[in-house]
Every structure is written in structure tokens, then in C-alpha cells.
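A quick write-up on the structure given underneath.
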Amino acid sequence: MRPVNFLDGLNPQQQRAVTAGLGPVLVLAGPGSGKTRVLTQRVAYLIGAMGVRPYQILAVTFTNKAAREMEGRVIGLLGESARGVTLGTFHAICARILRREAEHLPLDSNFVIFDDDDQHSLVRRAISELNLDEKIYRPQAIHGSISNAKNELLLPDEYPVQTYRDEVVKRVYVRYQQMLLANNAVDFDDLLLYTAKLLEENQVVREKYARRYEHVLVDEFQDTNQAQYSLLKHLASFHNNIFAVGDADQSIYRWRGADYRNVLRFEQDYPATQVVLLEQNYRSTQRILDIAMAVIDRNPHRKRKHLFTDRGEGVKTFLHQAYDDRAEAAFVVDTIATLIGRKQAQPGDFAAMYRTNAQSRLLEEAFLHAGLPYKLVGAQRFYGRREVKDVLAYLRLVHNPNDEFSLGRTINTPARGIGDKTLQVLRTQAQKLNLSPGGLLLRLPREAETHREAFTARALSALVGFGDKLSSWSAQAGELSPLHLLDRILSDTDYHSYIDDGTEEGHDRWENVMELRRLAAEYQERSLNEFLEDVALVSDQDTLEASANVPTLLTLHAAKGLEFPIVFIIGLNDGTLPHSRSFEDPEAMQEERRLLYVGITRAKDRLYLVNAQNRSTYGYGEPADPSRFLDDIPAELIEESSPDRPAYRSQPASSNRTWSGSSGATRWQSSSQPRPQDSAPIIKQQFPPGSHVEHSTWGPGMVLNSRLMDNDEIVDIFFESVGLKRVAASLAKLKIREK
């Protein structure tokens, strides 16, 4: 087969990468530059043009999906003769090697791989056996430290000790590994660690695989950690033919151990490296690429790429500053509705991206309020997340102690020594008294002696303690607002320490709790029953199939590798993106900039950058600075709008709108409203601060604040009868009254 057959449709840079000669090759592939195609064509070229046998090729990816797609493409080019390439993820390939070489390991070849839950349970057991306080040494945080050590190729006896906590981690690490081996088990990190150590320390085994794999190829090279980098070096140590494809500018998984500096190390470790830049972009318009380059070029220690495209200049990026984060979400929904209504786009063309999972809550509510479907990618729905369900279960139990489901979720969360057996005895005793378990729990603090024979002393003490808290919360439920009751529960249970274990995931979980708290703050003058009912109506919405033709909501981390015709990036405020945790860490700040770069380069045709003048903190808007990254974007590339003059008209929830259509045929439907108009009517302020007004139900009040938003006047009023209320002037039917 002639080499030209493998070069059809490739640009000069891609051709240079595919046909690169022997030795180390580093392909720095910009976003949308066809790197997957280059990697696939390179494998096909090695087999079809250079005569390399398939079994002499090792191709490593980060997902099983990518491995399957690559294999299918190569076979599509060469037919069945291409079968035999070792193709898979780092973990899958390492598992195969370890099973083959088990005689050199402290494991049998039939070892099992423990999942995350198994690993955390094992760490918890190790902490218990070592008589350590789980409240001080959180299992998840300890496991995170062990995982980081393994990614740095550190065995238990090599773990560095500089503080007492380090000493504790080392002791747990030792016991954890002992229990893994006793179960003939490994965790995910062990797959990399054991393989890297085996290849490093056993020359015979190393040469066996290094000689076999004449060519080693790796995708997403910027996402490798130290263990993976070491593995690649060992596997390519004989023939020295390593082909790495990646982009340091898209390295956004530092918290998982990924080290973008591996791209820089590559050239240092392989001085004869051939470097190929893939700069032609096939995804985005030039204006979008120019914005992306303006953002990323501020990062130091990188090889600059000039991204260009044949897709044309494209429209300007729209920069919108909303009044607050709720208006930010409304802007996204209204803009989507308008573009669909004008038949300029289909629902599935849109993606709304954000920095943290907690930000999805207001977006989800905006879609649900408008009666419009969506799909959430890369995370659970806000109200389906474990920590949100935990806190809501506490509130439901306080509201209704007979709720056995909520009791079962909360009675040992956080752990308080009440296991399934104790809960079953509680149910049995309650049944004898014709009570619910929650009802008996409320009585236990006063009637503990009566039930002493049914429970162990330890179990009874734990039940009495929880029953006492539940009684106290229930007694105050009628007096406290939902916010203050929630705060009381969080404080009494020390839920913050339980859920935030110091890891990135723990921080995100606590942010979700704080987002729920911000929602509760909006119910200062409303009851717990109203709060729970409103939340239930939102959380009971059916989930959508992944294939549905609807807008997509996802984090910027989850957006990696995806593309959409129209992209919104919300929350572009300092403290949100970049995240406040990055302010004192230059490396973290650089990754925040890379995260925005990844988000921008997901957009094909249109890009909307959105921030808010005020972001909600504890239920009240506080002034928020625009993201410092926005200062790097040239003014001629963007079109701005004012927070008080929304670009699109908002429609009420009662319109019962839906996206409908299939096979590309999409239409706007509304049972009570016409299609969104091309322009919004200009409204004027009627109720300036200081005005005295009259409401038909709440009586006289004074205006504290007023702003124009979503083609309405939103007014904050202090009423003598009910206190502070926020109303929409078009619905409240307010009247100006004389002093």
C-alpha cells in the first residue's frame, strides 16, 4: 500500500506528524486540530506503509471509548489485518501485564480490583484498627494522600514524613496495603504503581515488553501523571520510538495528579525529539480562536501556538453582564429560546458551562421554571447529589418524624454508631408501641430506662443523643426560618467536617451544601413546608436520555473533548472563575486560565461569556468583580450588553414551552405565548428607592431597592405587616401612596 493512501485529506502539519520518521515525536495539537485522526492515521501508516506488525504497536488512551474508536478507524482503513494492536487505557494495559507477570508480584494472577467504595471502606477499617479518630483523620482525605503517593511511585516505606499527619498517613498506608494484599486485591493506583515498579526493577520483564513494542503511542499526553510517564519511558526504552500527542494548554486535571510539565520533560528526556505543531483548527471560527489565544497566551512556560481556521471570521463573541446569578441563568434560557424561536438553531446545539457543580442549580431551575427540558452531563442533577439529599433528609425528618426513608438516611450520617441492626431493633420496639421509628426516637430521651433491655448500652446512648437533637430541632421548626434551621442542623451534626475532607471533591460537595443554603435564605418569610414542597417539585423532574435533542449543562472539566455550535460560559467572576482557591497559588491560577481556554474552544459558531454584577452569598447579592481573564480579551472581538437592558425578552413559566422535533426538524412550541420577539420593549422605573407603596394583601410598605431586569421592575419592599418582600412590579399591582 502506498503511503499516499494514508495522507488523503490531511493538512501539511498533519501529514508531517503521520509520516514522521523513527525516534521520539511530540505532536502539540491545538483544540479541534484533528489529533485523534492523526493518531489513528499514524497507527495505520506504521502498519500499511512502514511494515510494522500490529502486535509490535502499543497505543495508550485515557478512555475505553477512545480506544474502541481508534481500533474501529484503523480496521476501517486496513481491514482485519490491522487486528493485534495493543490498544487501551493505562489501567487496562497495566492489568494485563500484571496478570501475565504475577509470579514477580506479591499477588496471584486472579487478583481483584477494588472500586472506590471498597477502597474507602478499607481505609476506614485501617483507621479503626490503628485506634485513630475518624473525625480528625477523614478516610477520604487519607485515601487521597495515599493515592497521590502512589501516583508519585512512593511505596508505604518510602512515604515522606515531615508532620505528625504524614506519620498517620504512612501508618494507614502500610495497613491499607497489607489488607489489599490479604484480599489478593489492588486499587486503581496499584495497577500503575506495580507495573512501573516491575518494569523499573526487573530488567528481564522490562526488556521483554520494551523489545516487543517497537512503537509506543499515547493520546492526551498532557494528562499523564508521574507513574504514567515512567511507564511510557520504560516501555519505549529499547526502540526509543515514542509518539506523544497532547496539548499542555488543555491540561486541566492537576487535582487528579496530571502534570502538564510532562510535555516539557519529554523534550528534555528525548533531546532528539521531532516536534510538530497542529495549529489549523477545524471546529471554531477565527474570532473564537483569537479570544482563546488572548486568554491562554498570558500563561508562562509554554510553547505558543497560532491557531487558525478556514471557517471564516465568524460573529463577535457576546459578553453579557447580568444583574445577579439568577438573572445570569435567565439570560441563558431566554437567549436559547429566542434563537430556537427564530429557527437559527436547534436545542441540541447549545451548551451552558460553569466552573463548579453547584452552579448548575440556578440553571436547572431556570429551565424548569420555563418548562423547558435539558440534560446534565458529567455530574448528578443538583438535587440528586448525595450531600444535598442528606441535608434535605434532615429537614424532611424534622418536618415529619414519621418519614422512615429520611430517618434511614440521617440516623447514621455522619456516623454516630447506629448500625442496621440497631435501626431494626428501633423499628421493632416502635411497632410494639404502635409508633413510627421516628416517633419512638423523639420519646427515647425521656423513656430510655423503659427500653434499656432492648438495646446495647452503646446503641441506646447513640439513639438517645440523636433523639435529643431531633426533639430540639422539631421544637424550633415553627420558630426558625428554613435557613436558620438548616444552619442549626449543620452545626449540631458538624456536617461540614464530615463532607469536606480537604479534597477537591470534598470542597465541591460543601459548595453544593452552601448553594442549598443560599436557596433556603430566599425563604426567610416562608415556612419549612413551603421550602420542602418547592424543592420536591424541582427534584422530582424526570431525567432525560443522553440522546435527547435538548440543551446541555456541564462543568468546564466535563466539557473536555466535546464540541457544540453555541456555547455559554457563565460565572465569569473573580472567585468563581478563576476560583478563589487559586488566588494564592500561581500554578492553580494557570490551570484556571487553561480551564477557560478549554471552554472557549468547545464553541464552533457562537460564544457567550456571562458574568454577574452581584453573586448570591447566604441568600443576598454581593458585588462581584468580573473575571480578571476578561481583561485579556481585545475589545474588538466582543459585543457587550447592559445588565439593565436584557438582550432578549423573558417569558413566564406558565407558557409551558417545549423543544420538539427529530432528525434535525425542531420547532418552538408554546401553549399560551407567541414566539419570542426580536426586540424587547423598553421599560422605565416606576418605584424608585424611598417610594411609599400600597399592596392589596400586605398593605403599606417602603421601597428599599429597585432595578430593571428581564423587562420588568424588580422591587425590594419592607412591609409593616410581613417584613421584606421582593416582587415583580408587573404582577404585584403596587400603588404609589403619599407619606
Side-chain angles (χ1 to χ4, degrees), residues 14 17-18 20 24-47 52 54-78 82-99 113 151 188-189 191-193 195-196 199 209 212-236 241-253 256-260 262-263 266 276 278 378 557-563 598:
Q14 292 172 329
V18 169
V25 179
L26 178 61
V27 180
L28 299 179
S33 62
K35 71 176 180 63
T36 303
R37 185 178 185 187
V38 165
L39 202 58
T40 302
Q41 298 285 96
R42 174 66 173 178
V43 173
Y45 183 83
L46 290 174
I47 298 171
V52 179
Y55 72 86
Q56 294 178 310
I57 298 174
L58 169 65
V60 188
T61 65
F62 269 81
T63 66
N64 290 315
K65 179 184 177 183
R68 288 193 299 269
E69 288 180 355
M70 189 181 299
E71 183 179 37
R73 291 188 186 187
V74 172
I75 292 174
L77 286 168
L78 300 177
R83 290 197 182 277
V85 175
T86 300
L87 214 162
T89 65
F90 276 101
H91 292 90
I93 289 169
C94 287
R96 289 180 223 165
I97 293 175
L98 292 179
R99 293 195 192 281
I113 302 171
N151 287 335
F188 298 124
D189 298 314
L191 294 172
L192 305 179
L193 174 65
T195 308
L199 295 177
Y209 289 95
R212 172 185 170 178
Y213 294 124
E214 187 175 333
H215 290 268
V216 175
L217 302 91
V218 58
D219 193 12
E220 303 289 3
F221 186 66
Q222 76 281 347
D223 292 333
T224 54
N225 58 32
Q226 185 58 43
Q228 290 160 336
Y229 186 73
S230 176
L231 278 166
L232 292 169
K233 284 187 66 177
H234 290 314
L235 290 168
N241 295 323
I242 180 168
F243 187 94
V245 181
D247 182 8
D249 291 337
Q250 297 185 70
S251 180
I252 58 173
Y253 300 118
R256 289 183 187 169
D259 190 349
Y260 75 95
N262 284 345
V263 176
F266 190 94
V276 182
L278 299 186
H557 282 101
K560 179 82 182 308
L562 302 177
E563 60 180 36
V598 166

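Keep in mind it's a predicted model, so treat the numbers as computed, not measured.
Atom CG of Asn262 is separated from atom OG1 of Thr224 by 4.0 Å, given to the nearest 0.5 angstrom. Rounding to the nearest 0.5 angstrom, the gap separating the CG atom in Leu26 from the CZ atom in Phe243 is 9.5 Å. Within the model, atoms NE2 of His215 and CG of Leu58 stand 12.0 Å from one another, a figure rounded to the nearest 0.5 Å. Separating the NE2 atom in His234 from the CG atom in Leu232 is a distance of 10.0 Å, to the nearest 0.5 Å. The distance from the OG1 atom of Thr36 to the CE atom of Met70 is 6.5 Å, given to the nearest 0.5 Å. Atoms CG and CG, from Leu231 and Leu199 in turn, are 6.5 Å apart once rounded to the nearest 0.5 Å.
Summarising the geometry of Ala17 relative to Val27, their closest heavy-atom pair is CB-CG2, 4.0 Å, with the distance given to 0.1 Å. Residue Ala59 comes nearest to Ile93 through the heavy atom pair O-CD1, 4.0 Å, listed as atom of the first residue, atom of the second, then distance. Across Val38 and Val18, no two heavy atoms sit closer than the pair O-CG2, 3.8 Å. Across all non-hydrogen atoms, the minimal contact from Leu278 to Lys35 is CD1-CA, 4.4 Å. The two residues Ser33 and Gly30 come nearest to each other via the heavy atoms OG-O, 2.5 Å. Taking every heavy atom of both residues into account, Tyr55 and Arg212 meet most closely at O-NE, 3.2 Å.
Although no hydrogens or angles enter the test, the distance criterion places a donor-acceptor pair under 3.5 Å between the side chain of Arg42 and the main chain of Ala20. Judged by distance alone, with hydrogens and angles left aside, the side-chain atoms of His557 form no donor-acceptor pair with the main-chain N or O of Tyr253 at under 3.5 Å. Without hydrogens or angle criteria, Ser230 side chain to Gln226 main chain gives no donor-acceptor distance under 3.5 Å.
When the side chain to side chain contact (heavy atoms under 4.5 Å, CB included) test is applied to Pro24, the partners found at least two apart in sequence or on another chain are Asn240, Ile242, Phe266, Tyr270, Thr273. Residues satisfying the side-chain hydrogen bond (donor to acceptor under 3.5 Å, both in side chains) test with Asp247, not counting sequence neighbours, are Gln250, Lys305. With sequence neighbours excluded, the residues forming a side chain to side chain contact (heavy atoms under 4.5 Å, CB included) with Glu563 are Arg283, Lys604, listed by chain and number. Thr89 is linked by a side chain to side chain contact (heavy atoms under 4.5 Å, CB included) to Thr61, Asn64, His91, Ala92, counting only residues two or more places apart in sequence or in another chain. Asn151 meets the side-chain hydrogen bond (donor to acceptor under 3.5 Å, both in side chains) test with Asn225; sequence neighbours excluded.
Under the salt bridge (charged side-chain N to carboxylate O under 4.0 Å, His left out) criterion, the residue pairs touching residues 226-235 are Lys233-Asp269, with sequence neighbours excluded.
In this structure, Phe90 and Thr195 have side chains that are not in contact, with every pair of non-hydrogen atoms separated by 4.5 Å or more.
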**Report entry** Criterion side chain to side chain contact (heavy atoms under 4.5 Å, CB included) on Leu46 and Leu217, from CA distance to verdict
**Finding:** CA-CA 11 Å; Leu46 290 174; Leu217 302 91; 4.2 Å; yes
Requested in this report: Check the pair Ile47, Val85 against side chain to side chain contact (heavy atoms under 4.5 Å, CB included), reporting the backbone distance first and the verdict last.
Outcome: CA-CA 10 Å; Ile47 298 171; Val85 175; 4.0 Å; yes
Query raised in the report: Are Arg96 and Thr86 close enough, and set up right, to give a side chain to side chain contact (heavy atoms under 4.5 Å, CB included), and what steps lead you there?
Result: CA-CA 10 Å; Arg96 289 180 223 165; Thr86 300; 3.6 Å; yes
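Side-chain contact, Gln222 with Glu220: a donor N or O sits under 3.5 Å from an acceptor N or O.
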